[in-house]
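Next up is a structure, given as structure tokens.
Order of appearance sets the numbers: ligands from 1, and atoms from 1 within every ligand. Note that the structure is a prediction, hence the values are computed from the model and not measured.
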Amino acid sequence: MEVRIRGPALVRGKARVPGDKSISHRALILGAMAKGETEIRGLSPARDVRSTADCLRSLGVEVYWEGEKASIHGRGPELLSPPTRPLDCGNSGTTMRLLAGVLAGRPFESVLVGDESLSRRPMRRVVEPLSLMGAEIHARAGNFPPLRVRGGYLRGIYYRLPVASAQVKSAILLAGLQAEGETVVEEPFPSRDHTERMLLFLGAELEKDGARIRLVPGELRARPVGVPGDFSSAAFLLAAAAPRPGAEVLVQGVGVNPTRIGFLEVLREMGADVAVLGRDEIGGEPVADVRVRGRELRAIELGGEIVPRMIDEIPLVFVLATQAAGTTVVRGARELRVKESDRISAMAENLRRLGAEVREFPDGMEVSGPCRLKAARLSGFMDHRVVMASAVAALFAEGESLIEGAEWADVSFPGFFSVLEGIVHDR
Ligand code: S3P
């Protein structure tokens, strides 16, 4: 599907976004591992989350899902049943890596498969710790899907993550929950902590001590779970307002977990007017309305500790950098090269087509601004975040741009283009 976007356009208005994708995966998976009925409200309609629900069904879990409500009949991990065919994780790295952790503790064989993009993504990062815990787990060429998991008896481990990855951390914790003895995971930098929060919410014995997370194995007790709006989806709408004086967007009911909102710090540092209003809490997660008013932006240098706290929003920083005065430099973001696409080269390509001046590094990008962008034909690179970040770039460009493969937005944000249309004004 192709979508046309006319720029330059000004965004003004209020919006809501679908439930958080990361938290939705966890609500389904932990709901399946808990004992009792887990009611979920605000579940994300994202394609990735459907993949997780379908895999759980193939493991014998009853999942009822209608609209944004779901209920899961959890019977504890012991009662998951051997799947009769490969578990299709689709495009979703979170589904594959988290389920690998769950299945590492189950005494049967399962095979996890994915689409073309997922089949190119690195899995050694979960194979290694789960093997150390005692699971038999094989990846194609030692690193790629399909993953063949034969689980069973696990022992708790102490593991220092070589890269900050919430998916790997979560896989280890989900295995650790079923192991003998405690598991300790140490992170180089803090990554999103939704798994830890939800484990605590469902009664697990978990402690955080600086960079270390300690988990004692045990049972989870089902409880109703609410899912806040997805900050990573809201970020596209907020970014559309940030560099344009006169623009203003308010996104309501968004998750503002501190391990997710590095992007707000960056927006402020670039000079945008950011407000976090009406703070509340659901399901152990902070939620608020987030408002951005556009200003003239300045370039920034970014790297280090903040990167994992805004990893999915970095493509938007590249886009905003084209509108900011000075040279923006992003480093320490090598992980972007192994997402659903190589997001550094994909964004460099699309921004160049729009006339931006960019230089790629192995672990980031340099972008000079401000730059008058000119409409172009942009590729979605079969990557939801590249599609949506490119759509935001097209709003800043003069003329009509075309986004190819726009349907990929459904992987995390079904309805993105109509929500965007609802706040776009002609100038
Ligand atoms: C996610 C963790 C991040 C993020 C992804 C979702 C999660 O990946 O990029 O979109 O739900 O745990 P990594 O764990 O590979 O950093």
Cationic tip of R120 above F144 ring, under 6.0 Å, 45° of axis: no
Please check this pair: side chain of K169 against backbone of R192, looking for a donor-acceptor N/O pair closer than 3.5 Å. yes
Salt bridge check, D88 against R50: does any charged N sit closer than 4.0 Å to a carboxylate O? no
Pocket residues around ligand 1 (non-hydrogen, under 4.0 Å) come out as S22, R26, T94, R97, S165, A166, Q167, R192, I311, D312, K339
Look only at the side chain of S368 and the backbone of T327, and say whether a donor-acceptor pair between them is shorter than 3.5 Å. no
Under 6.0 Å from the six-membered ring centre of F361 and within 45° of its axis: does the NZ or CZ of R331 meet both?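 R331 over F361 ring: yes.
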Should R214 and D209 count as an ion pair when the cut-off is N to O under 4.0 Å? no
